[in-house]
Amino acid sequence: MRARFLTVKKSTTRSLQSDKLACRIARAKMAEEREITLRRFDLSDLDDYMVWASDDRVTAFCRWDSYTDKEDLRRYMRETVLPHPWFRAICLGGRPIGALSVDLGVGCDRCKGELGYVLATAHWGRGYATAAVKMAVRSVFQEVEGLERVEALVDVDNKGSQRVLEKAGFVREGVLRKSMVSKGRTRDLVMFSFISTDASVDGLID
Amino acid sequence: MDQHKGVGAKEEEDREEKKTVPEITLRPFTLSDVDDFMTWATDDRVMRFSRRPTCTTKDECLTHMKDLIMPHPWCRAICIDDDGRPVGLVSVMPAPGADVHRASIGFAIAYDYWGHGIATAAVKKAASAVFEEWPFLERLDAIAEVNNTASRRVLEKAGFQREAVLRSYLALRGGKQGHGHV
């Protein structure tokens, strides 16, 4: 009898500890998300934008080359970023540390949007990109009528970005061989997708 | 691709090979092909999984031919008889923008001519032709709706490798969501 009582007590303690741990993890995750916000860009964000747009480590897997001239970047912001239907600054404490966009399709492609994102290297490894992607997916499905699929194409060698999408709940669908030419080389891309009906870990989608 | 097939599948394959595959030729369309074009372009059984709308009248077919077929970068009539009348269509569209190394293939065969290996032969011939004509081409891909088992089989037999199922990839006719497969 006593032995049984001790056994029960042990497992209760264990479950309490794991509950506490789960709470701590959940709180940390929420804090992460609270720290990260998405908002539209403004031309006044130019200097912050230049930080990652001029960094070769950031642009390594992008089709575009790092910016060297601030005026070129200002023109890009004015002509592409500001008028874009879905382009957001990834902000930490209100200041941009990266960018995220969803290119929406038309006609037969109206059910899908293509996600892209970049983050300044100083902020890598803290789950900020994952948090931003989760928030973006939640928002874009709510805001865009008829959108059912958000997809992302990631270079096979870009393991960091693949991890971001996996943690954000995307499904890896396959490798599209030689599907992109970037910086003079043909690249294999991994296709990821998040369908509006996919259940996510945090139950993001209502 | 063939590694996982059992003995039974191999026998069936041999039987398929022994079926006479017709000699097909590919040639550019002319507007005078409109009557033959109508045979498949107005047929829902053929156009069901297509991104193109089904035409209903001869005028619509003529407009479609003038606007899309004639100026197309690479579109061919599939002919099987000596009189050279088309029984279908195969087209290859280069990818947009900077991706000159990539193109997409599409095809349609008149319903009465299904089941004779015509589409497979046409796709193989078209693939050889474009890889030769466009030396910068490295990848030819195709998207078929997951339920379009006939077209998927054509692509497999023509030597295409299945890469992925892209969920909710296209909005096809009637608002239904197609699942593509490259």
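Chain A is the first sequence line, chain B the second, and so forth, proteins listed ahead of strands; every chain is numbered from 1.
Heavy atoms closer than 4.5 Å to chain A are found in the side chain of B/Arg102, but not in its backbone. For chain B, the nearby part of A/Val175 is the backbone; its heavy atoms alone come within less than 4.5 Å. The contact between A/Thr186 and chain B is made entirely by side chain atoms (from C-beta outward), counting heavy-atom distances below 4.5 Å. Within the 4.5 angstrom heavy-atom criterion, only side-chain atoms of A/Met191, from C-beta onward, approach chain B. Proximity to chain B is limited to the side chain of A/Arg63, based on heavy atoms less than 4.5 angstrom apart. Heavy atoms closer than 4.5 Å to chain B are found in both the backbone and the side chain of A/Ser179.
Judged by a 6.0 Å distance limit and a 45° cone about the ring axis, A/Arg126 is not positioned over the six-membered ring of A/Trp124.
Salt bridge annotation for A/Lys112-A/Asp103: absent, with no cationic side-chain nitrogen under 4.0 angstrom from a carboxylate oxygen.
When ring centroids are compared, B/His64 and B/Phe37 come within the 6.0 Å threshold.
Around atom OH of B/Tyr113, no more than 12 heavy atoms belonging to other residues, nucleotides or ligands sit under 6.0 Å away.
A distance-only check finds a donor-acceptor pair linking the side chain of A/Asp188 to the backbone of A/Lys178 [under 3.5 Å].
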